[in-house]
Amino acid sequence: MAGEGAQGLTNVNNKEPGRRMKIVAISGSLREGSFNTALLRAARELAPDNLEITLLDLNGVPLYDGDVEARGDPVTVTALKQAIRDADGVLLATPEYNGGTSGVLKNAVDWASRDRGVGSIRGKPIAIVGAGGRGGTVSAQRQLRDTLGSVGAAVMDEPHVFVGGAWDRFDSEGRLHDENTRTSLGALLAAFADWIEDLGEAQAVHAA
């Protein structure tokens, strides 16, 4: 999938030495006690020093409607697109519903794909995680990768974080307490930071 986003490398923000990369983290679940939102909070806690993770709430983002778009993006949609533009990368956490990603997250990608300017989701570095049932959101992540590939996003291939049996991985306060999952999530974030930097170097070579 990463190769599919190579055409959009000019959208990867230039990196300045010592600057923290900005990551916008988006959960595909609106549920207050969502394991996927909790997983993103854990990611914010476990992020390496060169990543700054900010969570974006999809509550209030309407279903995509071309007539609504023609009248002008709703405020929540404008905020979604701007958050992606301002970020060096995007971290998506998907639940799995009926063998696929959530309608909430698919809808967000649909709206974001309508922004085709520099810095938009086309070519934007994206990492995917997910927490759910025994299958660990494998099918949902696969479907989401296909969708993101079709809009030209640059999706990191590996490592993977498939959190199965999520109810056993988080405590009653929503804190990720499973050490193996915390280690895996930390490794993914470190790899994501390195990968974003690699894409930035590729961009510099391409522009030279």
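Residues Arg169 and Leu176 have side chains in contact (heavy-atom distance under 4.5 Å, counting atoms from C-beta outward). For the pair Val77 and Val68, the minimum side-chain heavy-atom distance is 4.5 Å or more.
Heavy-atom minimum distance, His177 versus Asp171: CD2-N, 3.2 Å. Closest heavy-atom contact between Trp167 and Gly132: CZ3-O, 3.9 Å. In this structure, Met156 and Ala127 approach most closely via the heavy-atom pair CE-CB, 4.0 Å. Nearest heavy-atom pair across Trp111 and Pro74 is CH2-CD, 4.2 Å. Across all non-hydrogen atoms, the minimal contact from Leu105 to Ala93 is CD2-O, 4.0 Å. The two atoms that bring Gln143 and Thr101 nearest to each other are OE1-N, 2.8 Å, heavy atoms only.
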Problem set entry | side chain to side chain contact (heavy atoms under 4.5 Å, CB included) assessment of Leu46 paired with Arg182 | CA-CA 8 Å; Leu46 297 168; Arg182 290 175 66 86; 3.4 Å; yes

Exercise. Step by step, would you call Ile53 with Leu40 a side chain to side chain contact (heavy atoms under 4.5 Å, CB included)?
Worked result: CA-CA 9 Å; Ile53 297 179; Leu40 294 181; over 6 Å; no

Problem set entry | From CA spacing to verdict: side chain to side chain contact (heavy atoms under 4.5 Å, CB included), Leu188, Val129 | CA-CA 9 Å; Leu188 179 142; Val129 297; 3.9 Å; yes

For this session: Quick one: do Arg71 and Asp67 satisfy salt bridge (charged side-chain N to carboxylate O under 4.0 Å, His left out)? Show the steps, please.
Result: CA-CA 7 Å; Arg71 293 192 293 269; Asp67 292 336; 5.6 Å; no

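No donor-acceptor pair under 3.5 Å is formed between the side chain of Glu96 and the backbone N or O of Gly133. Asp88 places a side-chain N or O within donor-acceptor distance of the main-chain N or O of Lys22, the cut-off being under 3.5 Å. Using a distance-only test at 3.5 Å, with no hydrogens or angles considered, no donor-acceptor pair links the side chain of Ser29 to the main chain of Asn36. Thr183 places a side-chain N or O within donor-acceptor distance of the main-chain N or O of Glu179, the cut-off being under 3.5 Å. Lys124 contributes no side-chain N or O that, together with a main-chain N or O of Val90, makes up a donor-acceptor pair within less than 3.5 Å. Using modelled atom types, no side-chain atom of Arg175 and backbone atom of Ala42 make a donor-acceptor pair closer than 3.5 Å. Between the side chain of Arg20 and the backbone N or O of Asp49 there is at least one donor-acceptor pair closer than 3.5 Å.
For Asn59, the CG atom sits in a packed shell: over 12 heavy atoms of surrounding residues, nucleotides or ligands are nearer than 6.0 Å.
Cluster annotation: Val161 and Val138 are assigned to distinct hydrophobic clusters (Ile/Leu/Val/Met/Phe/Trp/Tyr, side-chain heavy-atom contacts under 4.5 Å, transitive). Residues Phe162 and Ile126 do not share a hydrophobic cluster, defined by chaining ILVMFWY side chains whose heavy atoms lie under 4.5 Å apart.
With respect to Lys106 and Asp110, a salt bridge is recorded, a charged nitrogen being found less than 4.0 Å from a carboxylate O.
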